[in-house]
Q: 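Following this message is one structure expressed as structure tokens.
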Amino acid sequence: HIHNDGKCLSWKAAQGEPTSNKRPPRLDLTTCIEVRHAWTPDPLNPMFTGTAILRQKCEAANAFKSFALIFGRRTVDITAVTADQCKVLMEGFSALCF
């Protein structure tokens, strides 16, 4: 969820997913470097798309509705319910991040 300050993102495990005793990360969206769709060429490896982690974790059937928030030391991969929702989320995160 987005915190009340409008610039911090955190999350918790979905129902039925494994949980951890660690406190979830709180990421400052103003430090997000890029919002990249899974089908966008990877500048670090132009023969591939998305990010290295997104390529490993995202099922090919979900790539059309997936994207990554890219920070200096990590990425956050998100798969939307639909391609339209993915587009709206990417536009929204782009507005919050830059």
Side-chain angles (χ1 to χ4, degrees):
H1 73 272
I2 303 292
H3 290 264
N4 291 338
D5 63 10
K7 65 179 184 176
C8 291
L9 173 72
S10 65
W11 60 90
K12 61 181 179 178
Q15 189 173 3
E17 292 290 321
T19 59
S20 168
N21 290 334
K22 290 176 23 178
R23 190 170 180 206
R26 182 177 171 125
L27 299 172
D28 181 350
L29 291 171
T30 63
T31 65
C32 180
I33 298 165
E34 182 183 355
V35 179
R36 185 184 305 162
H37 191 272
W39 285 347
T40 301
D42 183 347
L44 299 176
N45 200 339
M47 298 291 293
F48 297 98
T49 60
T51 66
I53 299 298
L54 190 58
R55 289 191 296 273
Q56 289 173 8
K57 303 291 183 179
C58 181
E59 297 177 18
N62 290 326
F64 73 100
K65 59 182 182 176
S66 300
F67 64 97
L69 302 176
I70 301 173
F71 295 87
R73 294 179 181 229
R74 68 167 302 156
T75 63
V76 177
D77 301 328
I78 298 172
T79 297
V81 176
T82 66
D84 287 339
Q85 183 187 48
C86 178
K87 182 179 179 182
V88 169
L89 288 171
M90 288 183 65
E91 289 173 0
F93 278 116
S94 292
L96 291 170
C97 291
F98 306 117

Q: How far does CD of Q15 sit from CD of E17, to the nearest 0.5 angstrom?
A: 10.5 Å

Q: Check the surroundings of atom CD in Q56: do more than 12 heavy atoms from other residues, nucleotides or ligands lie under 6.0 Å from it?
A: yes

Q: Any chance you could measure L27, atom CG, to W11, atom CH2, to the nearest 0.5 Å?
A: 4.5 Å

Q: Is the shortest heavy-atom distance from the side chain of L96 to the side chain of I2 under 4.5 Å?
A: yes

Q: Compare every heavy atom of P43 with every heavy atom of P41, then report the nearest pair and how far apart it is.
A: O-CD, 3.3 Å

Q: How close do V35 and C97 get, counting heavy atoms only, and between which atoms?
A: CG2-SG, 4.3 Å

Q: Where is the tightest heavy-atom contact between S10 and H3, given as atom of each residue plus distance?
A: OG-NE2, 2.7 Å

Q: Hey, what do you get for CZ (R55) to CG (D77), rounding to the nearest 0.5 Å?
A: 11.0 Å

Q: If I take atom CG from residue L9 and atom CZ from residue F93, how far apart are they, to the nearest 0.5 angstrom?
A: 5.0 Å

Q: Would you give the length of the straight line joining atom CG of L44 to atom OG1 of T51, rounded to the nearest 0.5 angstrom?
A: 9.5 Å

Q: Applying salt bridge (Lys or Arg N to Asp or Glu O under 4.0 Å), name anything that partners E91, two or more places apart in sequence or on another chain.
A: none

Q: Under 3.5 Å, which donor-acceptor pairs do the side chains of residues 65-74 form with other protein atoms, sequence neighbours left out?
A:
from : atom 1 : to  : atom 2 : distance (Å)
K65  : NZ     : V81 : O      : 3.2
S66  : OG     : N62 : O      : 2.7
S66  : OG     : T79 : OG1    : 2.8

Q: T82 vs D84, test: side chain to side chain donor-acceptor pair (under 3.5 Å). Steps then yes/no.
A: CA-CA 5 Å; T82 66; D84 287 339; 5.3 Å; no

